[in-house]
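Structure first, commentary second.
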Amino acid sequence: MNIDNTQAQMRKGILEFCILNILSTQEAYPSEILEQLKKAKLIVVEGTLYPLLTRLKNSELLTYRWEESTGGPPRKYYSITPHGINSLAALQTTWNELVTAVNSLNK
Amino acid sequence: MKKTISIHLGKQQFVIEEDAYQRLNNYLRTLESSFNNEDGTIEIMEDIEMRCAELLSQQTANGQQVVTLKEVDKAIESLGHPEEINDATSDENTTKSANNLPPNEPTNQPKRLFRDVENGSIAGVCTGLANYLAIDPVIVKIIFILLLFLGFGGLTYIVLWIVVPNAKTPADKLKMKGKAVTVDAIKEEIENAANRFEKSANSFAHKVDQKGSQLSNRFENIGLVLGKVFGVIFIFFSFTSLISFILLQSGNIEVVPISGDASFTSLRSLLHLAVPTIHTFQLFWAAIWLIGLGFPLFFMTLGIRMLLGKAKRIITVALLTFTASIVIGIIVAVFGGIHVARDFSVVTEIENTTLTSAVDSLYLEELPMISNNKKIVTSKGIDFIQIENKRFISEGVNFTFRNSSDSLFHVHQIFTSHGETRKKAIHRAIAINHLIKIKENKLLISPFYSSPITNGISGHNVEIIIEVPTNKKLFINNIATETTSISHGMIYAGETINFWVIGGDND
């Protein structure tokens with residue numbers, strides 16, 4: 001069994017959840033999301049984020065708008081959709097259950 | 001000193017060194033292909049390019065003007081390599097990680113047929129096939145050119161071009177060559193590609209900015225490559241016709257088989273022969289050059305235009321010039337035609353000789369040509385034009401026999417010619433040479449006649465009229481012939497005389 005691979009799979013599973021989580025409180029453009037994910041050590045390479053964002057957007061969990069920025073090109077601001085909030089709630093439940101389950105087994 | 005390129009990346013303008021550009025371009029292309037055309041690849045790439053631009057502009061913020069390899073490498077490091085990204089995001093790549101494969105796997109990977117656009121001449125079909133078959137592309141190209149002559153090479157090429165996919169990504173290129181797709185192999189391939197791009201980097205410079213319009217590009221490419229295929233065909237055939245035209249002009253290819261003692265093999269001398277009048281000759285000569293050069297050059301320019309795929313001013317000017325050349329050539333040729341027609345406007349017949357004979361029976365016979373004391377019995381040949389001593393030699397003499405008004409045989413030798421004026425026509429008719437003789441009871445008619453080449457081919461004709469008195473007989477082919485109102489015949493060398501009788505009204 002490849003430990004690296006398992007870790008990658010675990011991260012991948014919760015990454016979408018975390019993105020939704022970040023966007024549930026505020027609108028953000030990819031670099032801001034990256035910053036938070038990096039701070040939380042959830043992401044190793046930045047390139048990982050973009051396919052996920054697009055996938056979430058295509059599933060209509062996220063939406064985006066263009067906004068002009070000062071002294072730079074326009075930025076793509078992502079925000080969560082009502083559908084996304086519902087999904088987030090479901091994921092949150094699952095997450096809580098998982099944490100409880102894993103903690104109970106770790107004892 | 002390094003060459004720089006200006007690119008447009010993620011809605012920002014960058015000045016980037018050539019090698020850095022190549023690395024960046026290859027990175028983005030590899031990344032794009034690693035998404036396996038999943039939905040939204042274009043969007044993902046757009047986002048990544050935006051981020052890439054952001055990373056680059058952060059690094060170049062401190063007054064640095066030009067993006068170098070260092071910045072690009074840093075940005076790539078930050079964004080992550082394709083396999084790292086796919087490990088974390090892809091649904092399928094759970095077990096198959098490129099990192100887990102031993103590097104430089106031997107080339108036992110199944111090959112796939114791709115078009116090798118980068119190394120190919122047109123759409124890379126031949127080179128792709130050669131890669132697939134592991135043979136020299138030149139061999140495949142020669143086979144295709146041979147097929148072209150057989151008539152289905154072009155079609156085969158177009159079909160293969162449509163059916164076989166283009167090897168776009170480094171992974172495709174490896175599959176094309178049957179190498180295993182490993183990270184190291186891809187790196188090698190990218191480095192190879194970088195070397196190739198060095199020469200044509202400028203023309204590819206905008207590619208980074210074109211990811212969004214790939215579908216429309218695909219269709220544009222179909223037109224472009226079709227144009228190139230036809231362009232090559234046009235250039236090939238126009239080049240061939242140009243060579244043929246020049247060979248015809250120089251006389252290296254005989255226009256018409258001419259025998260005899262004169263050589264009139266080039267187009268110019270043949271034209272002199274056909275149109276001796278100097279003005280008419282000049283008109284036709286000009287027309288031949290205008291059209292003979294205009295047509296191949298027009299199609300060659302058209303071919304080059306299609307091959308280049310873009311209109312350059314000089315090409316447009318050339319196309320217009322050659323079109324004008326063809327049109328003027330046609331007009332001049334029409335004028336030449338009018339001149340020729342005028343040369344035929346007046347017909348004159350002259351009576352060259354009249355012979356009389358009082359014999360009871362006249363035997364019509366061919367006057368044999370004697371050469372080296374031998375009679376030429378037949379001289380049938382395939383020559384279109386025969387020239388001896390600057391005279392056209394023609395064969396076939398008409399004769400007519402009818403009733404005489406007195407008791408003598410009368411033989412009239414009539415020469416016909418055409419000309420612009422009566423005077424000219426008479427002049428030409430007089431210049432005809434033809435031999436008839438009456439020897440005892442034989443009327444000898446030569447099947448040949450000649451005219452000076454300076455008089456051209458102006459509808460010369462020789463006719464012999466034989467008047468047969470009542471109660472006397474004309475023998476043709478040693479057979480007594482009933483003379484009726486009018487009868488005709490033709491004499492050819494060495495043949496039984498051919499004749500026919502019109503109106504069977506026997507007196």
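Residue numbers begin at 1 in each chain, while the letters A, B, ... track the order of the sequences.
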So, is the end of the A:K76 side chain (NZ or CZ) under 6.0 Å from the ring centre of A:Y29 and within 45° of the ring's axis? no
Measure distances from B:E43 to the heavy atoms of chain A and classify the residue's part below 4.5 Å as side chain, backbone, both or neither. both
Salt bridge or not for A:R65 and A:E27, using N-O below 4.0 Å? yes
Going by an N to O cut-off under 4.0 Å, is there a salt bridge joining A:E46 and B:R51? yes
Taken to the nearest 0.5 Å, the spacing of A:L42 CG from A:T48 OG1 works out to 11.0 Å
Heavy-atom distances under 4.5 Å only: say whether B:E46 touches chain A with side chain, backbone, both or neither. side chain
Residues in side-chain contact (heavy atoms from CB on, under 4.5 Å) with A:I22, at least two apart? A:I33, A:Q36, A:L37
Could you list which of residues 77-99 of chain A have a heavy atom closer than 4.5 Å to any heavy atom of chain B, in residue-number order? A:Y78
Donor-acceptor pair, A:Q26 side chain versus A:L23 backbone, under 3.5 Å? no
Which bit of B:L55 is near chain A, if near means a heavy-atom gap under 4.5 Å: side chain, backbone, both or neither? side chain
Are B:T4 and B:Y21 close enough, and set up right, to give a side-chain contact (heavy atoms from CB on, under 4.5 Å), and what steps lead you there? CA-CA 9 Å; B:T4 61; B:Y21 161 72; over 6 Å; no
